[in-house]
Amino acid sequence: MSDNAPGGVAPGAPRESQSIRLPEERIEALREWAEAGTGLTAAARVRDPDGRIALVKTSWSDGWVLPGGAVEPDESPPTAAAREVREETGLDAAIDDPVVVFEQSYVGAEGGAVAFEAEYVVYAARAAGRIPDAAGLGVSPDEIRAARWFEAVPAALHDGALLRPYL
């Protein structure tokens, strides 16, 4: 099974199920990624030598999130995680072992039926340095609203109940 096939990512990592309920227009916006793309997201739990964690606020998140994003068809999940960390924090991270894989079911808010399934893999990573101002981060303007190092995981963590045990 390839790394980009469902169930093929990080076979030795812990796995958790996640149901994501979204409005139908958001489901449709993601459908091509899930069905014709990789259906895979990679992120990194980036720590510095002092044990701080790098987190970002995006245009779509309710709180702080791990730097990460969609895996492109021609890249491996660890390569995608490193690319996303660089785009979203300006840091060059050394990507280590996977921490967890979330098996995601995307559900339409109105109908309640599963529209598609995807995977979200979180890698351990190491980096050091200053995180630049958010205006210079991300692929598109206003994608990254803030980025910074934290001494401890903040209370305002998007999907905190799911992610917190792995941070």
Side-chain angles (χ1 to χ4, degrees), residues 4 6-7 9-31 33-34 37-48 51-71 77-78 80-89 91 93 95-127 131 134 137-140 142-167:
N4 290 358
V9 176
R15 298 182 97 71
E16 300 272 350
S17 294
Q18 180 185 27
S19 182
I20 301 171
R21 187 173 295 275
L22 295 173
E24 298 299 329
E25 62 272 6
R26 186 75 178 122
I27 290 281
E28 289 310 312
L30 292 170
R31 188 176 297 280
W33 159 75
T38 63
L40 182 58
T41 302
R45 180 194 67 196
V46 182
R47 295 258 183 209
D48 74 356
R52 298 180 303 174
I53 188 169
L55 298 171
V56 299
K57 274 191 180 177
T58 64
S59 58
W60 58 265
S61 64
D62 297 332
W64 295 94
V65 297
L66 295 172
V71 176
R83 174 182 52 76
E84 290 287 345
V85 168
R86 192 170 32 264
E87 289 172 2
E88 295 182 2
T89 68
L91 299 168
I95 304 299
D96 294 324
D97 292 333
V99 175
V100 65
V101 177
F102 295 104
E103 297 171 336
Q104 301 174 315
S105 295
Y106 284 77
V107 178
E110 289 82 31
V114 174
F116 52 81
E117 308 229 338
E119 288 184 316
Y120 170 50
V121 60
V122 176
Y123 291 91
R126 295 168 283 112
I131 296 175
L137 300 172
V139 173
S140 59
D142 301 324
E143 175 189 0
I144 303 300
R145 296 183 299 151
R148 62 176 265 222
W149 289 110
F150 285 86
E151 299 288 334
V153 177
L157 181 68
H158 184 85
D159 285 340
L162 197 62
L163 280 173
R164 201 171 299 281
Y166 299 98
L167 302 183

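Taking each heavy atom of P67 and A54 in turn, the nearest pair found is CD-O, 3.5 Å. Taking both residues in full, the closest heavy atoms of A43 and A81 are given as O-CB, 4.0 Å, listed atom of the first, atom of the second, then distance. Here the shortest heavy-atom pairing between L162 and S17 reads CD1-O, 4.3 Å. Residue G160 comes nearest to P165 through the heavy atom pair O-CD, 4.4 Å, listed as atom of the first residue, atom of the second, then distance. Closest of all the heavy-atom pairs between R126 and V46 is C-CG1, 4.4 Å. Of all the heavy atoms in A42 and P77, the pair that sits closest is CB-O, 3.4 Å.
Open room surrounds CZ on R26; 12 or fewer heavy atoms of other groups in view lie less than 6.0 Å from it.
No donor-acceptor pair closer than 3.5 Å links the side chain of R47 to the backbone N or O of A124. No donor-acceptor pair under 3.5 Å is formed between the side chain of R148 and the backbone N or O of V56. Within the 3.5 Å criterion, the main-chain N or O of L91 finds no donor-acceptor partner in the side chain of R86. Checking side-chain atoms of E16 against main-chain N and O of V101 turns up no donor-acceptor pair under 3.5 Å. Of the possible donor and acceptor atoms, one in the side chain of D48 sits under 3.5 Å from a partner among the backbone N and O of G51.
S59 and E143 share no side-chain donor-acceptor pair at under 3.5 Å. A donor-acceptor pair shorter than 3.5 Å cannot be found between the side chains of Y120 and E103.
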Note to self: Run the side-chain contact (heavy atoms from CB on, under 4.5 Å) test on L66 and L167 for me, step by step, so that the C-alpha distance in whole Å, both residues' side-chain angles and the decisive distance to 0.1 Å come before the verdict.
What the structure shows: CA-CA 10 Å; L66 295 172; L167 302 183; 3.8 Å; yes
Item checked: Intermediate values then yes/no, side-chain contact (heavy atoms from CB on, under 4.5 Å), F150 and R52 -> CA-CA 5 Å; F150 285 86; R52 298 180 303 174; 5.9 Å; no
Next item on the list: Run the numbers on Y166 and V122 for side-chain contact (heavy atoms from CB on, under 4.5 Å), then give the verdict.
Entry: CA-CA 9 Å; Y166 299 98; V122 176; 5.9 Å; no
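Taken from CZ in F116 to CG in L30, the straight-line distance is 5.0 Å, to the nearest 0.5 Å. Note that OH of Y106 is 12.5 Å distant from CZ of R31, once rounded to the nearest 0.5 Å. Atom OG1 of T41 is separated from atom CD of Q104 by 6.0 Å, given to the nearest 0.5 angstrom. Atom CD of residue E84 and atom OG1 of residue T89 lie 10.5 Å apart, to the nearest 0.5 angstrom. Considering CG of L137 and OG1 of T58, their distance stands at 12.5 Å, rounded to 0.5 Å. Interatomic distance, L55 CG to E88 CD, rounded to the nearest 0.5 Å: 11.0 Å.
Looking only at side-chain heavy atoms (C-beta outward), L157 and V65 stay at 4.5 Å or farther from each other. Proximity of L40 to V9: side-chain heavy atoms (C-beta onward) are separated by under 4.5 Å at one or more points. Between I53 and W149 the shortest side-chain heavy-atom distance does not fall below 4.5 Å. Residues E119 and R15 form a side-chain contact, since some pair of their non-hydrogen atoms from C-beta on lies under 4.5 Å apart. Between I144 and E87, the closest side-chain pair of non-hydrogen atoms is not below 4.5 Å.
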